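Note that the structure is a prediction, hence the values are computed from the model and not measured. Numbering starts at 1 and runs along the sequence shown.
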Amino acid sequence: MRSLLTFYCLALPFLLVAQDVDYSVLTIPEALRENAGSVVRHREVTYRVHSLNEATLTERKIITILNDDHNHENQLVILYDDDTKVSNVKATLYDALGKKIRSAKKSEIEDILYISNGQFYEDNRVMTTVLDHQSYPFTVEFEYQRKVKDFSMVAGFPSWMPLGYHQSVQFASFTAYVPADNEFLYHASKLPEPETGTENTNKMYRWTVKDQPAVLPEGQSPSMSKTMPYLKTGLRKFVIDGYEGSYASWKDFGVFINKLMAGRDELPAPLAALVRQTTAGLTTDREKIDALYDLLQDRTRYVGVQLGIGGWQPFSAEYVYNNRYGDCKALSNYMGAMLREVGVTSYPVLVNSSDTPFFPVEEDFPTSAFNHMILYVPTEDMYLECTSSTAPTGYMGEGTDDRNVLLITPAGGKLARTPRIEPADNGRIRTLKLDISAEGATTFSLASRMYGSFQDGLREFIHGERDLTKQQEALNRNDFIPDVGGEFTLVCEPDEPVATLTYKTSLPGYARKLGKRSFVPVNKFSAYDYVPEKLEARKFPIFDNDVSFRVDTIYLNFPDNLEVESMGAALTEIKHAAGEYRAELTSAPGQITWIRTLKLLPVDLPATAYNEYRQFFVDVRKAEKRQVVLREKRTK
């Protein structure tokens, strides 16, 4: 870290740069134009903490937009809520030579309600405006100030990413001023150590990024918080609506969550009686959990309502009982209260519910990197997803598996790891019979059994859509069945994550007939054909958490006047750290049988392994495109 003296020596030129920005695109170095859709010319973010529950964030951002790939950068978006005051909003447009064209009028800055995905109501709002220009390149400048307090401050501890993919930076800085009696917490990735100093009774931290060329995105990479310059911040001590909290440790943060939840798990007398009645005669914890989970699903539904501290504090069990709805926190609290009534201990669990969390929870950096709450029952080592109306007891799915979570125990927070999905629990077993006529028309008969995430969407879908025609249309759109109008059944097992689909139809022209020969695709439907992009040079590690299996058995039945002319290798085997592939093809008079097993595994590999990783999928796709050739039998 640099000394205080060094900081004071740097302060004056820094302020001069901030006041004197050349807006002309002619001053952008050629190296910063390469692979860039936009260039961050100058960006200053200043975060000033006033107390345990108040702070001000000021931002000035100047971006040159080079082409329409980054035209979204011409939009100003300021999120705020009832605990936020926004001021000093400015938006200015410049032409390619840096000449000011216009500033947005106050009437052009919209102020609208913002409801995020999956929520019914929130007190979030957004100020937004768009600066359009007829030709590229052009430059936009945005300025604003947000003064935050209580929940908006703590839930909104700033994070900073100075550039995105296909974007370069000339100069960007993040500066924090924090009272000396508190501690500024931060987790920095791909950033230098901060400059530090003091200002009166405040401690100062500053990160800068200069002249950084654009970076290209790469598929199957870790989160951007790991691959790009990124800063996540927090405070050791904070207050929300009078509740004192701390990020000194995960245990301390769990103590704070306990304060927010205290007294909210009291069951109203009628519900307590119903719980005892529902579990009467049941002796094991598992039996009681099953019965009460069914009761939860029958009597409540998920409704996301996030208002102020309610973003972290659940509605009471009594509220859920009276209204029959709640968000993830309220429903988890409600389920936990019912379990407690029958002597089953459970803990609320904070989790980031994303296929790949943007900022994975780290053991050494306590922070609220969570967006969801579930429930943990230690006697059964079971996690309960309390927002689902259809999931079997204990089923979690891909969104919450294999990641660090925070158990909220009576003693405080405790990090744990959710179970990893195994390939055998997440996939599909399918049997397909294809009866091919001499003209190429085919009778198609399918029986498929799907497990884990492969049945998730189907379970939710048929629960909400009872019209059989619409069910068929949706199955066809999503490639479960080849057409609409055949005979089908779709059943989801109530007590396990399994769905069964059968379908029968006629497909004209399945086989392509040329003269005496018929060319027949073996696995025309649901073939696995994904291949990662081809890269000249890989920069990032290879990260993919896909875990699944696919087993297909396909019987190709053909008439007596046809025979097999060619069908390729009888056995194909492909192996890599990313998965295993095995396909076996056999023939008998009037029938070809193809049995294929594909198992995909999670990978975390160095960038140097990319070519071999990609080749595995290239080889699999080639094997999946196999076809056999039938021809009319030769006469003697």
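- Residues D552 and R430 are paired through a salt bridge, judged by an N-O separation under 4.0 Å between the basic side chain and the carboxylate.
- Taking the six-membered ring for Trp and the full ring otherwise, the centers of F444 and F525 sit less than 6.0 Å from each other.
- Judged by distance alone, with hydrogens and angles left aside, the side-chain atoms of T279 form no donor-acceptor pair with the main-chain N or O of L282 at under 3.5 Å.
- A donor-acceptor contact shorter than 3.5 Å links the side chain of S168 to the backbone of L32.
- Ring geometry for F617 against Y613 counts as perpendicular: the plane angle is over 60°, on a 0 to 90° scale with 30° as the lower cut.
- Ring geometry for Y383 versus Y376: interplanar angle of 30 to 60°, hence tilted.
- A salt bridge does not link K633 with E563: none of the charged nitrogens is closer than 4.0 Å to a carboxylate oxygen.
- Remark: K539 does not engage E218 in a salt bridge, criterion side-chain N to carboxylate O under 4.0 Å.
- T505 and E487 form no side-chain donor-acceptor contact under 3.5 Å, judged by distance and modelled atom types alone.
- Contact check on R403 versus D401 returns a salt bridge, with a Lys/Arg side-chain nitrogen under 4.0 Å from an Asp/Glu carboxylate oxygen.
- Between E624 and R596, at least one side-chain N (NZ, or NE/NH1/NH2) sits under 4.0 Å from a carboxylate O, which counts as a salt bridge.
- Within the cation-pi definition used here (under 6.0 Å to the ring centroid, within 45° of the axis), R512 qualifies as a partner of F519.
- For K575 and Y581, the positive end is not near the middle of the six-membered ring at less than 6.0 Å and at most 45° from its axis.
- Between Y530 and Y528, the two ring planes are perpendicular [angle over 60°; tilted spans 30° to 60°].
- Ring to ring, H187 and Y230 are not that close: their centroids are 6.0 angstrom or more apart.
- Looking at H463, E460, R459 one by one, the single match for side chain to side chain donor-acceptor pair (under 3.5 Å) with T390 turns out to be E460.
- For the residue pair E385 and T387, a side-chain donor N or O sits within less than 3.5 Å of a side-chain acceptor on the partner.
- Within a 6.0 Å radius of NZ in K504, other residues, nucleotides and ligands contribute 12 heavy atoms or fewer.
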